[in-house]
Amino acid sequence: MGVYDMTLLLRVLPKAELASVLKRTAESIFEKGGIIRSISNVGQKPMPFKISKNSKPHREACYFILEFNYPPTEVNDLANHINRDVDVIRGRIFPQVNYRFSECTFEEEMKPAPYRSEVQEMMANRKIRGTRFSKKFEYNNGLGYNPL
């Protein structure tokens, strides 16, 4: 199973109706054997531009992000099913490319950040790649004096 992120833009609805829309979405993921890892509520925000769906203009939406595991062969069917929902303004599914599963232990999490193995690995990768700005800034502009 692949790991995917789904962004949902939902109509502005009361909390009870938002919960029912999310429940319908979750049930459609569970039907094919998917597993939801997390649901994040980003909040109700104005959209950057007007989107018309079902002959109604929408200028504001409730934003949600779902992280889930799902069979790769069924992703297109899920996207079609989600976008046919009346309460969903826009739903997009993105695969997570560099997702890796790691064992999480309490002892490892209680260590200070510099002593955690994942932080040490990131620091080692940083030393190998070097810095983004490897060239130092030079104050010399080619003139023998500073005109300012």
Side-chain angles (χ1 to χ4, degrees), residues 1-140:
M1 280 199 203
V3 182
Y4 298 93
D5 283 329
M6 179 190 303
T7 57
L8 288 174
L9 274 67
L10 305 177
R11 290 188 315 139
V12 178
L13 299 168
K15 285 186 179 182
E17 291 182 30
L18 279 176
S20 68
V21 173
L22 290 173
K23 186 177 179 182
R24 285 194 309 256
T25 304
E27 287 174 352
S28 64
I29 292 172
F30 294 147
E31 282 176 2
K32 299 289 183 177
I35 301 168
I36 296 178
R37 295 192 166 278
S38 68
I39 299 175
S40 302
N41 182 3
V42 180
Q44 180 177 334
K45 297 181 178 184
M47 292 191 288
F49 51 88
K50 177 180 75 169
I51 297 176
S52 295
K53 180 151 185 198
N54 298 330
S55 303
K56 295 179 185 174
H58 300 281
R59 298 182 191 280
E60 195 171 23
C62 297
Y63 290 70
F64 286 90
I65 300 173
L66 280 77
E67 181 182 339
F68 62 99
N69 288 22
Y70 203 72
T73 57
E74 304 291 331
V75 172
N76 290 335
D77 294 336
L78 176 66
N80 290 336
H81 179 72
I82 296 300
N83 286 322
R84 280 194 305 255
D85 194 340
V86 177
D87 295 325
V88 176
I89 298 172
R90 182 167 288 172
R92 298 286 188 257
I93 299 175
F94 303 100
Q96 288 187 1
V97 180
N98 295 331
Y99 188 83
R100 62 170 210 206
F101 296 98
S102 62
E103 282 293 320
C104 179
T105 61
F106 183 72
E107 293 81 20
E108 181 74 19
E109 290 297 319
M110 291 306 295
K111 291 180 182 177
Y115 298 108
R116 292 187 201 145
S117 60
E118 58 194 23
V119 174
Q120 290 175 351
E121 184 180 319
M122 286 190 296
M123 290 168 56
N125 288 339
R126 180 68 178 166
K127 288 179 183 176
I128 291 171
R129 286 190 291 161
T131 61
R132 181 175 160 200
F133 302 105
S134 59
K135 186 177 179 183
K136 297 280 185 183
F137 179 76
E138 296 178 8
Y139 290 100
N140 187 2

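This structure is a prediction, so every number in the text was calculated from the model and none was measured. Positions are given from 1, in the same order as the sequence printed here.
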Non-hydrogen atoms of Phe68 and Ile36 that approach each other most closely: CB-CA, 3.9 Å
Lys111 backbone acceptor or donor facing Arg116 side chain under 3.5 Å: yes
Criterion side-chain contact (heavy atoms from CB on, under 4.5 Å) on Phe64 and Val21, from CA distance to verdict: CA-CA 11 Å; Phe64 286 90; Val21 173; over 6 Å; no
Pairs touching residues 5-21 that satisfy side chain to side chain donor-acceptor pair (under 3.5 Å), sequence neighbours left out: Asp5-Gln96, Arg11-Asp87
Atom pair NZ/CZ of Lys53 and Arg90 - distance to nearest 0.5 Å: 9.5 Å
Separation of Arg92 CZ from Met6 CE (nearest 0.5 Å): 11.5 Å
Can I get a per-line list of side-chain donor-acceptor pairs under 3.5 Å for residues 71-83, giving both atom names and the distance, sequence neighbours left out?
residue : atom : partner : partner atom : Å
Asn80   : ND2  : Asn76   : O            : 3.3
Asn83   : OD1  : Gly91   : N            : 3.2
Asn83   : ND2  : Ala79   : O            : 3.1

Spatial distance of atom CD1 (Ile39) from atom OG1 (Thr25) [nearest 0.5 Å]: 8.5 Å
Atom NZ of Lys32 with >12 non-hydrogen neighbours under 6.0 angstrom: no
Test side chain to side chain contact (heavy atoms under 4.5 Å, CB included) applied to Ile89 and Asn54, Leu8, Leu9, Val12, the passing residue: Leu9
Nearest non-hydrogen partners of Tyr70 and Tyr4, listed with the distance: O-CE1, 3.4 Å
Closest approach of Tyr63 to Pro48 (non-hydrogen atoms, all atoms of both residues): OH-CD, 4.0 Å
Glu60 versus Lys45, closest heavy-atom pair with distance: CG-O, 3.3 Å
Over 12 foreign heavy atoms within 6.0 Å of CZ, Arg24: yes
